[in-house]
Amino acid sequence: MRGARKAAIVGGGVIGGGWAARFLLNGWDVAVFDPDPEAERKIGEVLANARRSLPSLYDRALPPEGRLSFHDDLAEAVTDTHWVQESVPERLDLKHAVHADLTRFAPEMAVIGSSTSGFKPSDLAREGASVIVAHPFNPVYLLPLVELVGAADHRARASAILREVGMFPLNIRHEIDAHIADRLLEAVWRESLWLVQDDVATTQEIDEAIRMGFGLRWAQMGLFETYRIAGGEAGMAHFMAQFGPALRWPWTKLTDVPDLTQELVDQIAAQSDAQSGHMSIRELERLRDDNLVGILRTLKRSQSGAGATITAHEAALPAPLTVRRRVPQSWADAQGRVSEAQVLRLAAQAQDRLRQVVGCDVAGGVADWGLAARETALCHTHGLSAGDNVSVDTHVVRADGIDLRLRHRIAKDDGTLCATVESGLVHVDLATGAPCFPPQAVAARLRQMAGVPAVPPDAPSTGQRPG
Ligand SMILES: NC(=O)C1=CN([C@@H]2O[C@H](COP(=O)(O)OP(=O)(O)OC[C@H]3O[C@@H](n4cnc5c(N)ncnc54)[C@H](O)[C@@H]3O)[C@@H](O)[C@H]2O)C=CC1
Ligand SMILES: C[N+](C)(C)CC(=O)CC(=O)[O-]
């Protein structure tokens with residue numbers, strides 16, 4: 001793995017804060033430039049939400065977080081940076097001014113991306129600016145899509161970096177206003193404004209129409225695949241024959257835009273308050289994030305939609321399966337020291353976690369498969385006390401037929417190795433209790449885990465005692 005790299009975030013609002021979290025939680029150092037005196041607080045709150053959601057997507061630990069810094073000087077913020085992400089408000093004059101400065105101060109090696117929702121790279125380029133559009137989706141730390149528009153060589157460099165931080169770069173071949181996704185979103189947004197303006201529906205009714213129906217479909221199949229199925233056995237051609245005429249019926253208002261009068265704005269804001277005003281924005285974000293994690297984990301299991309992007313990112317993360325916890329007071333004796341039995345308990349928890357991950361990762365889960373312990377060897381190297389923060393890294397040493405060999409490495413947060421526990425296990429059929437070969441998908445997953453990484457070099461061999 002490469003050493004920490006640096007991203008500069010220029011504009012740390014809703015989107016800049018999300019980019020900061022995405023890079024930081026993937027091990028990048030992040031420097032923020034934003035004149036708003038509240039920027040540090042706001043980014044801190046976005047980060048707190050990102051920390052509770054992004055790691056939940058993966059069954060491997062993300063790299064250690066990078067360093068976050070705030071700067072009053074743009075030139076200082078972009079020093080030695082590999083990526084600059086501009087996320088200032090959607091105003092062309094402001095973007096021009098910022099990109100003129102970035103052209104002067106940013107290192108030549110840096111990718112310069114703009115989060116713009118709708119401007120084209122040729123709109124942004126002034127005075128030789130080499131900016132590409134890197135348009136993300138809110139929340140940037142959870143949603144993988146980034147629309148990339150601009151020079152092909154810059155897009156190629158950007159794509160490699162975005163994949164490294166778990167994102168899905170969509171290369172857009174022709175620059176157009178609003179790229180691809182916002183063009184679609186704007187159409188739905190415009191129709192929704194008409195529905196409120198014409199008093200056909202409230203904001204809540206429109207949201208129900210989306211989330212109770214087609215919104216659920218879109219996360220996993222998009223539009224065209226969904227409509228292919230809607231054509232029945234005759235497929236897409238039949239679907240188009242049946243619903244083609246509707247395109248000429250008055251089903252949409254298309255480019256006709258309602259005037260955003262103060263009255264309409266007030267009406268929508270009041271309906272939105274009535275619908276969601278009982279929760280703060282941060283609470284709504286957490287609700288959204290928990291739901292997205294659930295959806296993304298399901299997609300990961302079926303390898304559809306964004307699930308494949310998460311799996312690809314996870315495969316590039318270091319392999320140990322890590323369980324973290326704080327040693328509770330109840331585990332300690334009168335002197336505050338933790339006994340061998342409790343250390344074994346930590347290893348058992350890590351083993352349960354491995355079983356859960358391996359069993360649940362395979363399609364549909366595995367009901368009748370289990371693991372039984374045959375032998376366990378504990379090697380104690382350093383005492384643990386109540387209150388210590390510890391992590392247990394589990395390595396699959398061997399996965400061979402009915403046998404499984406695991407090594408758990410128990411260490412404190414400061415890196416002190418406290419113990420290793422090596423366990424010999426056998427796969428069992430839970431219905432009969434008899435040893436058995438594991439289900440094929442489980443065996444494949446365990447073999448994959450056994451392949452990387454090698455057993456850590458500092459792990460004492462089984463049975464070895466401290467001098
Ligand atoms: N909000 C959204 O859902 C999405 C927005 N975007 C795009 O991201 C960009 C930023 O939008 P938001 O984050 O929503 O806006 P925002 O208003 O939440 O944040 C903008 C930030 O830029 C800062 N700023 C203003 N002038 C600056 C300057 N000269 N230098 C550095 N920082 C400056 C402001 O203090 C503010 O913190 C826009 O281009 C927008 O189109 C893209 C995807 C989604
Ligand atoms: C409304 N919007 C144009 C700012 C939306 C986006 O740009 C993307 C998103 O996150 O929905």
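All heavy atoms count here, side chains included; hydrogens, waters and symmetry mates do not. Indexing begins at 1, ligand by ligand and atom by atom, following the structure's order.
- Counting atoms of ligand 1 from 1 in the listed order, those under 4.0 Å from a heavy atom of Lys95 are 38 (C), 39 (O).
- If you look at Phe33 next to ligand 1, the close heavy atoms, those under 4.0 Å, come from the backbone and the side chain alike.
- Look at Asp80 and Lys6 and you find no salt bridge, because none of the NZ, NE, NH1 or NH2 atoms lies under 4.0 Å from a carboxylate O.
- By heavy-atom distance, the residue among Ser115, Ser117, Pro35 lying nearest atom 31 (C) of ligand 1 is Pro35.
- Comparing Ile15, Asp34, Leu94 by heavy-atom distance to atom 36 (C) of ligand 1, the nearest is Asp34.
- Atoms of ligand 1 found under 4.0 Å from any heavy atom of Asp36, numbered from 1 in the order shown, are 35 (O).
- Remark: distances from the non-hydrogen atoms of Pro136 to ligand 1 include one below 4.0 Å.
- Across Val149 and Pro121, no two heavy atoms sit closer than the pair O-CG, 3.5 Å.
- Using a 4.0 Å cut-off between charged nitrogen and carboxylate oxygen, Lys42 and Asp36 count as a salt-bridge pair.
- With respect to the salt-bridge test (charged N to carboxylate O, under 4.0 angstrom), the residues Lys120 and Asp123 qualify.
- Nearest protein neighbour of atom 9 (C) of ligand 1, counting heavy atoms only, is Val88 O, 3.4 Å.
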N/O donor to acceptor pairs below 3.5 angstrom from side-chain atoms of residues 219-245, sequence neighbours left out:
{"residue": "Gln220", "atom": "NE2", "partner": "Arg217", "partner atom": "O", "Å": "2.9"}
{"residue": "Thr226", "atom": "OG1", "partner": "Gly222", "partner atom": "O", "Å": "2.5"}

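- Contact atoms of ligand 1 toward Val98: 29 (N) (distance under 4.0 Å to a heavy atom of the residue).
- For Lys42, no heavy-atom contact with ligand 1 is shorter than 4.0 Å.
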Would you list the atom pairs, donor with acceptor, under 3.5 Å between side chains in residues 87-94 and any protein atom, with sequence neighbours excluded?
{"residue": "Ser87", "atom": "OG", "partner": "Ser115", "partner atom": "OG", "Å": "2.8"}
{"residue": "Glu90", "atom": "OE1", "partner": "Thr116", "partner atom": "OG1", "Å": "3.2"}
{"residue": "Glu90", "atom": "OE1", "partner": "Ser117", "partner atom": "N", "Å": "3.4"}
{"residue": "Glu90", "atom": "OE2", "partner": "Thr116", "partner atom": "OG1", "Å": "2.8"}
{"residue": "Glu90", "atom": "OE2", "partner": "Ser117", "partner atom": "N", "Å": "3.2"}
{"residue": "Glu90", "atom": "OE2", "partner": "Gly118", "partner atom": "N", "Å": "3.0"}
{"residue": "Arg91", "atom": "NE", "partner": "Asp93", "partner atom": "OD1", "Å": "3.3"}
{"residue": "Arg91", "atom": "NH2", "partner": "Asp93", "partner atom": "OD2", "Å": "3.3"}

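- Residues lining ligand 2 at a heavy-atom distance below 4.0 Å are given as Ser117, His135, Phe137, Asn138, Asp182, Leu185, ordered by chain and residue number.
- Heavy-atom separations between Glu38 and ligand 1 are all 4.0 Å or longer.
- With sequence neighbours excluded, no residue forms a side-chain contact (heavy atoms from CB on, under 4.5 Å) with Glu108.
- The CD1 atom of Ile132 lies 12.5 Å from the CD atom of Glu147; values are rounded to the nearest 0.5 Å.
- Considering only non-hydrogen atoms, atom 20 (C) of ligand 1 lies nearest to Ser87 out of Gly12, Ser87, Ala39, Ala77.
- Residue-ligand proximity, Gly13 to ligand 1, at heavy-atom distances under 4.0 Å covers atoms 13 (O), 18 (O), 19 (O), 21 (C), 37 (O).
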Stepwise side chain to side chain donor-acceptor pair (under 3.5 Å) test for Asp259 and Thr261: CA-CA 5 Å; Asp259 286 335; Thr261 59; over 6 Å; no
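- Ion pairing between a basic and an acidic side chain is recognised when a charged N comes within 4.0 Å of a carboxylate O; Asp289 and Arg286 show no such pairing.
- Ligand-side atoms of ligand 1 in range of Thr116: 39 (O), range being under 4.0 angstrom from any heavy atom.
- What you find for Val293 and Leu57 is that their closest heavy atoms are CA-CD2, 4.0 Å.
- Atom numbering of ligand 1 starts at 1 in the shown order; those under 4.0 Å from a heavy atom of His135 are 42 (C), 43 (C).
- Comparing Pro37, Gly18, Gly11, Pro89 against atom 25 (C) of ligand 1, the shortest heavy-atom distance belongs to Pro89.
- Salt bridge present: Glu285 and Arg282 bring a charged side-chain N and a carboxylate O closer than 4.0 Å.
- Using a 4.5 Å heavy-atom cutoff, the side chains of Pro438 and Val358 are not in contact.
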